[in-house]
Amino acid sequence: ILFLWPCCICTMKIFSFSCHVLTNHIWFRATDGSKWSFLEHKGPVMAAPYEPLPSNVRFFYDGKQMKLSPEAEEVATFFAKMLDHEYTTKDTFRKNFFKDWRKEMASEEKSKITDLKKCNFNEMGEYFKAQSEARKAMTKDDKLKIKVENERLLQEYGFCIMDNHKERIANFRIEPPGLFRGRGDHPKMGMLKRRIRPEDIIINCSKGSKHPKPPPGTKWKEVRHDNKVTWLVSWTENIQGAIKYIMLNPSSRIKGEKDWQKYETARNLKKCVERLRNQYREDWKSKEMRIRQRAVALYFIDKLALRAGNEKEEGESADTVGCCSLRVEHINLYPEKDGQDFVVEFDFLGKDSIRYYNKVPVEKRVFKNLQLFMENKQPEDDLFDRLNTSILNKHLQELMDGLTAKVFRTYNASITLQQQLKELTTDENLPAKILSYNRANRAVAILCNHQRAQPKTFEKSMQNLQTKIDAKKDQLSDAKRDVKSAKADLKVRRDEKFKKLEEQLMKLEVQATDREENKQIALGTSKLNYLDPRISVAWCKKWGIPIEKIYNKTQREKFAWAIDMAEDDYEF
DNA sequence: CAGTGTACTTAGGATTCGGTTA
DNA sequence: TAACCGAATCCTAAGTACACTG
């Protein structure tokens, strides 16, 4: 059966080279590794050129006013814009910034400005604050003008043609220069992210397409025609030396098909996960250390949905780990704790320096193995010294086609959503069902450790909600009193009003519960990246819930394929 | 098998939008 | 009409995975 890819831009369906054979999807695409046959686009939107500050905005060094060269001034404004941010108080940030700033200074500046503490950026900071206030206070008309201009830019640069279809581009703007903001304890925070010039940019498009033009008087680094990749534009960033790309929006066919494929791989894992589990349980007993380590690591990845944990170059980024890169210092073993046997306590920083803290009872064999792995090791030694992600993935590839460590996260997330929805959904009113959905989603977010900082406005917003609830309760008790004293002929209408109020109250209370439970949990990441959207679509169909209650516009665009495909009986 | 480079997905915080309330 | 607030969107960093090389 041919599947027609639903296009959210032109409402036509794109012919997709995918088909169903029973429950298996076979991709005919990419037998030769090509990702497209035609690609045409307008290239990136370059960052706006630097506009020097007006002369009344002054910089002071050691109490004395100093006029900076445009180059030094630009970098100074990057710092000035961040004055209120915690970053600027951090030693590493200040040190890196100052070092890179000095590189941009003219020689007289360099010899004068030798101490960051003596730099006074306050007028610059105030100036930018005033500017943003002014922007907020603009007239409706001026705001509209900006909006129109943004829309024009989007229409001109925000789309490309790929294989006969107009597709939305995700990030069509070149990242502007600024100060690098790493996450966690990043050794490079504060370094200068330099301005990207056309000469740094590689364009990728069809040979036979209209090539994007570089800005007048400039040249691209290269125009290439590589249809084995999906990116339209790339450049190398100066902080880590990593390559940055401009790619298509998640609503595009090329991203959507890949997403679909990801979930199909996870469903394949579902079919053989029991076999794999038996296998790694057996491997806990292996004579070979490397196999035991592999098996225990896989157990963690499966049970706890840990990330694979690639090796990282020391000193290049924050010290974070995943499963294979766990160190002895990241776990504690308790033969008995809080009435449970064989408890492993995890405490480490994962991706984005988000803390993972968990106490889990494990099987005795796992526990004994961990003791063995930790024998005669220092805290900073690798827990799995005979293992890395490459070894693990090679093993997984042998167990199932397309299997890698990250598939377990997708599989466990999706299966958890499906189970939780089954368990939690009751035949109640709509808000209660939505709460059940969010709770199922939350179970996944907790499993995947998707945390967020408690919003600064959290307490206040809870208070506001409580005020609304109290007001509604008052209305309701008033209404109740009315019902008692009502004459018979008015009773029906009063009852209706009464019912409506109760509904409104319940809705508010559900909202409050949801918000409270969600205080430090981020649902978006799992919803967007780990949960097979067809589970949600089927759930909506089954319970008669409009899809808009679950997915906003952008999400509906991203998951158009699933909305188009899944019926109420879909099973992950 | 280590080291390097590339391409792509996943991630939380910052910023902006747009509707509501004071 | 400004202030406020939650949701949506933007931004880009930080992961995973794998090919290639020697």
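In what follows, every heavy atom counts, from backbone to side chain, and hydrogens, waters and symmetry copies are set aside. Because the structure is a prediction, the values reported are computed rather than measured.
- Contact check, K136(A) against dC17(B): no side-chain N or O comes under 4.0 Å of OP1 or OP2.
- Interatomic distance, CG of L326(A) versus CG of L306(A), reported as 6.5 Å (0.5 Å rounding).
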At under 4.0 Å between heavy atoms, how does the protein contact nucleotides 9-15 of chain B? Give one character per nucleotide, 5' to 3', with B, S or -. SBSBSS-
I'd like to know whether K99(A) forms a side chain to side chain contact (heavy atoms under 4.5 Å, CB included) with N96(A), so could you lay out the CA-CA distance, the side-chain angles of the two residues, the decisive distance to 0.1 Å, and finally the verdict. CA-CA 5 Å; K99(A) 188 174 164 210; N96(A) 287 334; 5.6 Å; no
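- Dashed line: the shortest gap from a side-chain N or O of K228(A) to OP1 or OP2 of dA7(B) is not under 4.0 Å.
- A salt bridge between R224(A) and D226(A) is absent, with no side-chain N of the basic residue lying under 4.0 Å from a carboxylate O of the acidic one.
- Within the 4.0 angstrom heavy-atom criterion, only backbone atoms of the sugar-phosphate kind lie near G309(A); the bases stay farther away.
- Within the nucleic acid shown, P250(A) has no heavy atom closer than 4.0 Å to any nucleic acid atom.
- Considering only residues two or more places apart in sequence or on other chains, D347(A) meets the side-chain hydrogen bond (donor to acceptor under 3.5 Å, both in side chains) condition with R355(A).
- Taking the centre of each ring, F300(A) and F346(A) come in below the 6.0 Å mark.
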Could you list the donor-acceptor pairs under 3.5 angstrom formed by side chains in residues 178-189 of chain A, with sequence neighbours left out?
residue, atom, partner, partner atom, Å
R183(A), NH1, D352(A), OD1, 2.7
H186(A), ND1, K188(A), N, 3.0
H186(A), NE2, Q240(A), NE2, 3.4
K188(A), NZ, I239(A), O, 3.0
K188(A), NZ, E316(A), OE1, 3.0

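- Between L154(A) and F172(A) the shortest side-chain heavy-atom distance falls below 4.5 Å.
- Counting any heavy atom pair closer than 4.0 Å across all strands shown, K193(A) reaches sugar-phosphate atoms only and no base atom.
- For E557(A) and K553(A), the salt-bridge test passes: some basic side-chain N is under 4.0 Å from an acidic carboxylate O.
- The nearest heavy atom of DNA chain C to F180(A) and to G402(A) marks one nucleotide each, and the one closer to the 5' end goes with F180(A).
- Residue T230(A) places at least one side-chain N or O closer than 4.0 Å to OP1 or OP2 of dC8(B).
- Each end of the helix from dC1(B)-dG22(C) to dA22(B)-dT1(C) gets its own rotation axis from five pairs of C1' atoms, and the angle between them is 0° to the nearest 10 degrees.
- Nucleotides of DNA chain C lying under 4.0 Å from heavy atoms of chain A occupy a range whose first and last members, 5' to 3', are dC5(C) to dC18(C).
- Classification of the W561(A)-F559(A) ring pair by plane angle, with boundaries at 30° and 60°, yields perpendicular.
- One can place CZ of R135(A) at 11 Å from C1' of dT16(B), the figure rounded to the nearest angstrom.
- At the heavy-atom level, K527(A) lies nowhere under 4.0 Å from the strands shown.
- Contact check of residues 238-246 of chain A against DNA chain B (heavy atom, cut-off under 4.0 Å) returns I243(A), Y245(A).
- Under a cutoff of 6.0 Å and an axis angle of 45°, K90(A) and Y87(A) form a cation-pi pair.
- Between R534(A) and E264(A) a salt bridge is recorded (basic side-chain N to carboxylate O distance below 4.0 Å).
- Qualifying ring pair (Phe, Tyr, Trp, His ring centres under 6.0 Å) partners for F79(A), counting only residues two or more places apart in sequence or in other chains: F97(A), F121(A).
- Residues of residues 310-323 of chain A that place a heavy atom closer than 4.0 Å to DNA chain C, in numerical order, are N310(A), K312(A), T320(A).
- In this structure E149(A) satisfies the salt bridge (Lys or Arg N to Asp or Glu O under 4.0 Å) test together with R152(A), sequence neighbours excluded.
- For F572(A), there are no ring pair (Phe, Tyr, Trp, His ring centres under 6.0 Å) partners, not counting sequence neighbours.
- Residue-level contact check: A405(A) touches the backbone only, with heavy atoms under 4.0 Å from sugar-phosphate atoms and none from bases.
- For H330(A), the ring pair (Phe, Tyr, Trp, His ring centres under 6.0 Å) test picks out no residue, with sequence neighbours left out.
- Note on residues 515-534 of chain A: pairs passing ring pair (Phe, Tyr, Trp, His ring centres under 6.0 Å), not counting sequence neighbours, are H450(A)-Y530(A).
- With rounding to whole Å, K35(A) atom NZ is found 8 Å from dC8(B) atom C1'.
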